[in-house]
Amino acid sequence: MEAACRGLDVSIFYSPQGERGLDRRVREKAAIEICSGCPARKKCADFALSTRQEFGVWGGLTEADRELRRISRSAAPAPAPPDEHRDSSPS
Ligand code: SF4
């Protein structure tokens, strides 16, 4: 499996200092387009989320996309604790 970004200029994926607005959106859109055809996209996105990568486009996710996912995950209700009083004997 070869990453679609292999050999490309990494500046497509990372914001130069102070980049904002239209310039940022255009660059991120170009990076997302490259990622959309990458066979490693899911792995790349999962890695970025699990290692909390702060910068760049990874797996088609921008910095803002990852931040939103982190926020929504942390706002999700905690899983229910195991039922300690459940009768495990056969009936
Ligand atoms: S998904 Fe990851 S490995 Fe693939 S092109 Fe995008 S940044 Fe590169």
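Every number for a ligand or one of its atoms is a count from 1 in the order of the listing.
Scanning all protein heavy atoms for the shortest distance to atom 6 (Fe) of ligand 1 gives Cys35 SG, 2.4 Å. What sits closest to atom 4 (Fe) of ligand 1 on the protein, heavy atoms only, is Cys38 SG, 2.3 Å. Looking only at heavy atoms of the protein, atom 1 (S) of ligand 1 is closest to Gly59 CA, 3.4 Å.
Look at Arg25 and Glu28 and you find no salt bridge, because none of the NZ, NE, NH1 or NH2 atoms lies under 4.0 Å from a carboxylate O.
No more than 12 heavy-atom neighbours from other residues, nucleotides or ligands sit within 6.0 angstrom of CD on Glu33. Applying the 6.0 Å contact sphere to OH of Tyr14 captures more than 12 heavy atoms from other residues, nucleotides or ligands. Heavy atoms from other residues, nucleotides or ligands lying under 6.0 Å from CZ of Arg69 number 12 at most. Around the CZ atom of Arg24, the shell of radius 6.0 Å holds more than 12 heavy atoms that belong to other residues, nucleotides or ligands.
Nearest heavy-atom pair across Ala45 and Leu61 is CB-CD1, 3.8 Å.
Not one N, O or S atom of Cys5 sits under 2.8 Å from atom 6 (Fe) of ligand 1. With a cut-off of 2.8 Å, atom 2 (Fe) of ligand 1 has an N, O or S atom of Cys44 in range.
The atoms of ligand 1 that sit less than 4.0 Å from any heavy atom of Arg41 are 1 (S). Residue Ala3 approaches ligand 1 through these ligand atoms, each under 4.0 Å from one of its heavy atoms: 3 (S).
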